Amino acid sequence: SSAHDFLIQRAGSTRMTFSGSSVVVNDSGENIDFRVEGDGDANLIRTDAANDRVGIGTNAPSNTLDVYTDTGITIKTKATNNTPGRINLWSQDVSIVADDVIGAIYGQGTDSTAGAKTGAKIEFTADATWDGAASNYQASRIDFFTQSHTGTNTLTSSRLTIKQDG
């Protein structure tokens, strides 16, 4: 830290650093959670330092990023250059082969026992081994799955597939 930084410390451990261009919380990398309260939500943003997780609207995130909301999530892009709103599902696996799922979207709900259940899913799947020497566009397909009400898992067989040739 520079001579012009403002530090908040406890027992020699830096909890916050304010510098000319940034604010760092938990600069010493300890097991110290961080919470931002909103007007009506005590856990507007919450970190779980021990598990390296961030929660929005929850005090106990169970994934790297957990978002709990009654209003949904909106992603907007600036109204310039015809840029569409976009979600990237990016697998950083460098050895993708045929039938590897590279991304998925799950439609889930909670049943009467408060258990999470998947009702449908969409999988984005490699149709061949992805070759780094090839172009930026690799062979893939989109598989759609739905669950029946029979109690048998039907999410293992695609109901509709859109292949690379349409």
Side-chain angles (χ1 to χ4, degrees), residues 1-97 99-126 129-130 132 136 138 140 142-147 153 155-156:
S1 68
S2 75
H4 301 289
D5 287 349
F6 176 74
L7 308 175
I8 297 177
Q9 295 183 324
R10 180 170 187 244
S13 174
T14 301
R15 301 295 173 105
M16 290 184 81
T17 303
F18 297 84
S19 68
S21 61
S22 66
V23 175
V24 178
V25 177
N26 194 16
D27 200 15
S28 9
E30 297 180 38
N31 183 6
I32 301 169
D33 295 345
F34 175 75
R35 181 169 53 100
V36 175
E37 288 194 25
D39 188 34
D41 189 343
N43 296 294
L44 189 63
I45 300 172
R46 178 127 183 171
T47 65
D48 175 351
N51 295 300
D52 295 326
R53 296 176 178 164
V54 175
I56 297 176
T58 179
N59 66 348
S62 56
N63 295 290
T64 302
L65 174 64
D66 266 355
V67 179
Y68 287 76
T69 174
D70 290 332
T71 58
I73 299 170
T74 301
I75 298 172
K76 293 182 180 181
T77 56
K78 295 179 180 180
T80 58
N81 300 323
N82 261 344
T83 305
R86 180 170 116 173
I87 299 173
N88 291 326
L89 305 174
W90 184 334
S91 171
Q92 289 191 317
D93 184 347
V94 296
S95 58
I96 295 174
V97 298
D99 295 323
D100 279 357
V101 176
I102 56 173
I105 300 172
Y106 288 78
Q108 296 181 309
T110 304
D111 67 10
S112 59
T113 65
K117 305 295 181 190
T118 300
K121 67 180 176 178
I122 302 170
E123 291 184 346
F124 305 90
T125 305
T129 297
W130 286 19
N136 192 32
Q138 304 285 345
S140 60
I142 305 172
D143 294 309
F144 295 83
F145 301 80
T146 58
Q147 179 62 46
N153 181 6
L155 292 172
T156 57

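Sequential numbering from 1 along the given sequence is applied to the chain's residues. Everything numeric here is computed off the predicted structure, so don't read it as measured data.
With 3.5 Å as the limit, one finds no donor-acceptor pair spanning the side chains of Ser28 and Thr14. One side chain, Ser95 or Asp93, offers a donor N or O that lies under 3.5 Å from an acceptor on the other.
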Query raised in the report: Passes side chain to side chain contact (heavy atoms under 4.5 Å, CB included), Phe124 versus Ile105? Steps please.
Result: CA-CA 9 Å; Phe124 305 90; Ile105 300 172; 4.1 Å; yes
Requested in this report: Check step by step if side chain to side chain contact (heavy atoms under 4.5 Å, CB included) holds for Trp130 and Ile102.
Outcome: CA-CA 11 Å; Trp130 286 19; Ile102 56 173; 3.3 Å; yes
Query raised in the report: What's the verdict on side chain to side chain contact (heavy atoms under 4.5 Å, CB included) for Phe34 and Arg46, showing C-alpha distance, side-chain angles and the deciding distance?
Result: CA-CA 6 Å; Phe34 175 75; Arg46 178 127 183 171; over 6 Å; no
Requested in this report: Give the C-alpha distance, both sets of side-chain angles, the deciding distance and a yes or no for side chain to side chain contact (heavy atoms under 4.5 Å, CB included) between Ile122 and Ile142.
Outcome: CA-CA 7 Å; Ile122 302 170; Ile142 305 172; 3.6 Å; yes
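The OG atom of Ser13 lies 12.0 Å from the CD1 atom of Ile8; values are rounded to the nearest 0.5 Å. Rounding to the nearest 0.5 Å places OG1 of Thr47 at 7.5 Å from CG of Asn26. With rounding to the nearest 0.5 angstrom, the CD atom of Gln147 is 8.5 Å from the OG1 atom of Thr156. How far CD1 of Ile56 is from CG of Leu44: 8.0 Å, rounded to the nearest 0.5 Å.
Here the closest non-hydrogen pair linking Ala50 and Asn31 is N-OD1, 3.2 Å.
Among pairs with a residue in residues 32-42, those fulfilling side-chain hydrogen bond (donor to acceptor under 3.5 Å, both in side chains) read Arg35-Glu37, at least two apart in sequence or across chains. Legend: side-chain hydrogen bond (donor to acceptor under 3.5 Å, both in side chains) pairs involving residues 100-110, not counting sequence neighbours, sorted by first then second residue: Gln108-Thr118.
Side-chain contact between Ile32 and Arg15: present, with at least one pair of heavy atoms (C-beta onward) separated by less than 4.5 Å. Side-chain atoms of Arg53 and Thr64, non-hydrogen and from C-beta on, never get closer than 4.5 Å to each other. Looking only at side-chain heavy atoms (C-beta outward), Asn43 and Tyr68 stay at 4.5 Å or farther from each other.
Checked against side chain to side chain donor-acceptor pair (under 3.5 Å), Asp52 has no partners two or more places apart in sequence or in another chain.
Atom CD1 of Ile87 has 12 or fewer heavy atoms from other residues, nucleotides or ligands within 6.0 Å.
Lys121 contributes no side-chain N or O that, together with a main-chain N or O of Thr146, makes up a donor-acceptor pair within less than 3.5 Å.
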